[in-house]
Every structure is written in C-alpha cells, then in structure tokens.
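Just follow the structure's listing: the first ligand is 1, and inside any ligand the first atom is 1. Throughout, residue positions are numbered sequentially from 1 according to the sequence presented. The analysis underlying the following values was restricted to heavy atoms, covering all of them including side chains, and did not include hydrogens, waters or symmetry mates.
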Amino acid sequence: MMFTARFKLFLVFFLILTSNFGANVFAKTQDINGLDSFNRYKISLNGQWRYIVDPYENGFYNYRWQKFDDQEYPSKNAFFTDSKVKSKSELLEYDFDEASTIKVPSDWNTQDERLYFYEGTVWYRKEFNKPEQTAGDRLVLRFGAVNYRADVYLNGKKLGVHLGGFTPFFFDITDAVKAGINSLVVKVDNKRGADEVPTLNTDWWNYGGITRDVDLIPLPKQFIQHYQSTLDSVKTKSFDVKVKLSGSQIQDTDVVMAIPELNLVVKATTDKEGVASFNTNLPEFTPWSPTNPKLYDIKFSTEFDELKDTIGLRTIETKDKDILLNGEKIFLKGVSLHEEYAVDGGGRVKNAEQARYLLNKVKELNANYVRLAHYPHSESAVRIAEELGLLVWSEIPVYWTINWTNEATYKKAEQQLTEMIVRDRNRAAVVIWSIANETPVTESRTVFLSRLAKEAEGLDGSRLISAAMEKHYDQEDENLAIVSDPLSDIVDIVSFNQYIGWYEGLSKKLERTRWHIPYNKPVIISEFGAGAVQGMHGDKTERWTEEFQAEVYDKTFKMLDAIDGWSGVSPWILMDFRSPRRIHGKFQKDFNRKGLMSPVGEKKKAFDSVKLFYNKVSD
Ligand code: GCB
C-alpha cells in the first residue's frame, strides 16, 4: 500500500498520541509521566507571563480555518517561534513583546475585567534562560494544571497537547531547550465541550488559565519516576513499597529506602521494568489519624538520584456498614469544598496559603474530613489536609451528564483519574477516590463508571472507591426515600446527595422522610444544604435567611441520624462560590449561596450548627 509522506507523518503522531496516559505529546514523555516532583529541586516559571486574548483563534487557524500549527509547517508559523521574527508571517497582529502581562499561576477571569465570563483561547508566553546542567541530564517541564486544553510550544516546536483542567502534565524538553533564552508558548483554551470531562453543564465557574505552578525540573540520566507505598495492616505492620526508576539502565539497580525516625534502612534491586519492590515489617510506629496526623520522613536513593517525601502510615477499609481507620470505626465529619478563594476578589486558589486558609476553616468546624469537590484540587491542598489531620475525598469532574457512549470521552475521564491517583496515592489523608457526581442511572453510564472503578482499583487497591449518587422515592410512599443504583454494587461506600428542604419541600419534609438503603455498606451523605445570604436574617421559614439555612441543617442531621450505617457527611458547602448558573440579581449575584460562610469568610448561623453537631458526635 502506498502512503503519502503526510499520511505517514500522521500515523507516527497517531501512534505517539495513543501511547501515553499523560499529555498527548510529540516529545518522549512516557517515562516522566506522574513524575514525583513535589520535593524535588525545581526552577519556577511562575510570575508574569505575556498574554494575548484570541477569541477567534487567529493564531491557530488561518482564514480558511486551517491549522497553523501543523507539524509539517512549523517554520511557516512565526507566532510560535521568536516573537521578534515577524517576516512572512500571516500573524502580524501578534507581538508578545507588546502584550500585557498576567500572573501565573492564576485564573484569567479575575485578572482582566474583559475575561470575567470568557471561554476561549488565550496565548501565554514566558521566556526563560536554559538552566545549567550536566551533560546527559534531562530537563522536564511540568504544569500543575491548565484549564482546559493546553497546546504547548517551545522555541516554535510543538511539545504536545494536554486535556483536563486539574491534573499535572509533563514534557521532556531536554532536546528542545536551547542555550540562552527560550520561548515557551501555551495556547490555553477553556471552551466547554459536549464530549469533554466535565461536559457543558456544571455548577461552578469555568476559570481559565494556567492555574497551578509551572516548573522546570532537572533530572539525572537515571531517576526515580515515582513510588507507591501501602501499609497492609497496623497490627502486622507489613509495609509494601514499589519504586519505579526511569531513564538509562534501569535494570539491576540498587534502591535504598530509609525512614530515619524508625531506624529503617532497606535495600532492593530493580527488575527489568526498573521497579524495586520492598516488603518489610515496620518497627513500632505511630499511625496517622485525624487526632494525631503523624508524618514520617522517607527517602529513596540510588547511585544517581534521591527522592524525599513525608508520609503517614494508616489503613482504611470497610467492614459491613462501618468505615475503619487503622482497624477502628470512624465517622467522617466533613464539609465539601470548591477550590476557590474569593476573599480578595480572586477566583481559583492560586497558592498553598489560600488552600491552608480554607482547610483551617474546615478544621474550625471540628471536622475530621473534607470532600474536595468536584475535581482534583492542588497537590499542596491535599498535603496540607494531611498535615492538619483531615481525611480526604478526592474526585474527578465526571459530573451530571457526560457523553457515556463516546470512547474518547471515557479516555479523557480515565486520564484524569490516572493523573489524580498517581499524583496523590502516597497521601495518607486521601481515603476515597470518587469517580462521579450525580450521574443518571442508565446502562451506558454504569458501564462507563464500572470501567473507571476498575481502573482506580488497578492503580490503587488500597483506598475506598465511591461516587456521589442520588435517591428516589417509593412509588407508594412519598416519605420513603430509596437509594438503589447498580453502581452501589461496585463502589465501597454508598454515597448520595440530597436537598430535602431546599430543592424539595421545606424543612418539615425532613421530619417526615425515612430511608431505605438496601446495601451492607457504609453510607455517606456527600451533599445536603440550603442557600442563605450572609447577614440576611428573618424567620426560619423565610428562604435565603441564615435562620432558614440553619433550620435545614439541624433537621437534616436529625433525619440522617436514623439511617442505618450512616458513616459520614460532607454538607454543601464551606463557602459561597461563583457559578454562572446563579444569576438571581438580589440573592445570588453569580454566587451559589449554600456556603456556611460568605465568599469572604463571614460565618452564617449554619456554621455553628455544624460545629455543634460535630462536637457532639464521636469520631
Ligand atoms: C449538587 C451538585 C453541586 C451543586 C449543588 C447545588 O447536587 O453536586 O455541584 O452546586 O447541588 O447547589 O445545587
């Protein structure tokens, strides 16, 4: 068969594109995906970047709507090369040097008034100097998160594309980087799409931009890509760790694992995949728990590399209707949280301080648990939760309706799940991976979610899997709420959201409702709530008042208490948050008002209802 050069090139790209879980890349990245980098030496590319707003994607398509960035024609496209070279270009309008600057990491919506509602393309450029490196070493470019699609170019060469707004991705730029000044260009596009994850409809702000850190990470020629540790039992203290090496000559290499505080130093040798497996019985240790979130330093070293981390040692499992932490029953006293910090008019959380502010508010509720909704929050947030002793529910944005029958959509969800799990699977705080929120009960959806559950189980069999489901009512008894969903057979915890007293009836209904949940599994109420404008007072029957909200809370807790197997709750939500669906001119003004606090952190009455209830309930 005869193939044209163009088709051959397409085939090559297609094969490369389909062989990665991470970014779709034109550079080699398989062995850097999921790179454990939190504690590595990094050169930050955060700061001011040049930006060009491009609603018609002029920089991407010509006037015939043909792509400029076709790999066959990189030289034609001055835009992606040096911004000063404008000759022959069809893109004379573009000049990064004359463009304004925008902060990275951050959303663009709260930095430029024109972009408050914007959904489309913005071009970003950062120039950086090639770092000093030893010959043979590698240089990796890491993005913490870009919402939603990132097309990344270095010195005019396309490195690849990444889809998904909340997880990290990597490029090996060892060969693409040049001596002196380098030009890094990112086309960021936050347009929603019917086949994307999430899809067109959500109840949160679609913040666009490079929303998390950008770093250069120098690596030796042989390096530790990542590791996975599991404590099998607090009693036996059996501890399994797998360490994956990448780069050159990864077989038959010694890896040393040390936990200095436990006087533990053990050695293992890598197999032909570069994996060193440790199975060891730990000496006496203090288990990690919300009441004592003890963390230990852990270090892996090889002849060429060293990776440091801190870990908590704990187990999580279910037994019949109970959740067991370190073998003991625990009740999850939590709250749901969006990754939004509007205190200074801002939007998406941009740094660890803001994440810590929010998680400290969670702690003020006497909580031991937080639902990080509805997408993976930053790695820093998860680590701060771990430090503060908060158990974490972590989820991917498979939300409401998704194109369940489209394989490409499934792959996008699976990629986000993989990137989330690989990033956080050594965090003791994370106890639940959630694969979906309020999805319709259809066969195609259950097939889709079963595949995701299986994937999660394969990547990390040591945590619980859940999804926020929904309830319905008995046909003959309008006061009998039922949770019956085939997904319940697949997940470890039966979780569901319900809004009796707000979307359904008034608080009286909470007094009448009984529950039928026919599974021998723990039950978590992943959401309930009511809207209130902070500072608005009135009778408890008056919607939008703090009194109304507090009444819904008090009665809901009473109702839930009667559920057999009730093992946890994360009311919706800690703080009011922006949503384009919340357009009521008097009460909402672009904010979902179900927060226990206003967007700037002023408490409503219901905050105290939760605090009081959690004070009374034993863990
Ligand atoms: C839900 C969704 C959540 C919404 C909330 C609401 O069930 O899971 O994302 O924000 O209801 O306020 O309606």
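Residue contacts with ligand 1, taken as heavy atom pairs separated by less than 4.0 Å, involve Arg582 solely via side-chain atoms from C-beta onward. By the criterion of a heavy-atom distance under 4.0 Å, the side chain of Tyr399, and not its backbone, is placed next to ligand 1. Contact annotation: for Ile573 versus ligand 1, there are no heavy atoms closer than 4.0 Å. Contact annotation for Asn592 and ligand 1: only side-chain heavy atoms (C-beta onward) come within less than 4.0 Å of the ligand. When heavy-atom distances to ligand 1 are checked against a 4.0 Å cut-off, Trp502 has no atom that comes that close, whether in backbone or side chain.
Between Tyr375 and His338, the distance from one ring center to the other falls under 6.0 angstrom. Residues Tyr51 and Trp108 keep their aromatic ring centres 6.0 Å or farther apart. Separation of the Trp502 and Phe528 ring centroids does not fall under the 6.0 Å cut-off.
The ligand atoms of ligand 1 that sit less than 4.0 angstrom from a heavy atom of Asn497 are 7 (O), 8 (O). Listed by number with element, the atoms of ligand 1 under 4.0 Å from a non-hydrogen atom of His374 are 3 (C), 8 (O), 9 (O). Interface atoms of ligand 1 facing Phe577, defined by a heavy-atom separation under 4.0 Å, are 10 (O).
The protein atom (non-hydrogen) at minimum distance from atom 12 (O) of ligand 1 is Lys594 NZ, 2.6 Å. Here the heavy atom of the protein found nearest to atom 10 (O) of ligand 1 is Asp203 OD2, 2.5 Å. In terms of protein heavy atoms, atom 2 (C) of ligand 1 is closest to Glu527 OE1, 3.2 Å. The nearest protein atom to atom 13 (O) of ligand 1, hydrogens excluded, is given as Tyr503 OH, 2.5 Å; this is a heavy-atom distance. The closest protein non-hydrogen atom to atom 7 (O) of ligand 1 is Glu438 OE2, 2.2 Å.
Between Glu414 and Arg451, no side-chain nitrogen of the basic residue sits less than 4.0 Å from a carboxylate oxygen of the acidic one, so the salt-bridge criterion is not met. One finds no salt bridge joining Asp424 and Arg427 here, because no Lys/Arg side-chain nitrogen approaches an Asp/Glu carboxylate oxygen to under 4.0 Å. A salt bridge does not link Lys603 to Asp608: none of the charged nitrogens lies less than 4.0 Å from a carboxylate oxygen. The residues Arg445 and Asp485 are annotated as salt-bridged, a charged nitrogen and a carboxylate oxygen being separated by less than 4.0 angstrom.
Taking the six-membered ring where the residue is Trp, Tyr207 and Trp205 present tilted rings, their angle falling between 30° and 60°.
You'll find the side chain of Trp515 stays beyond 4.5 Å of the side chain of Val523, heavy atoms only.
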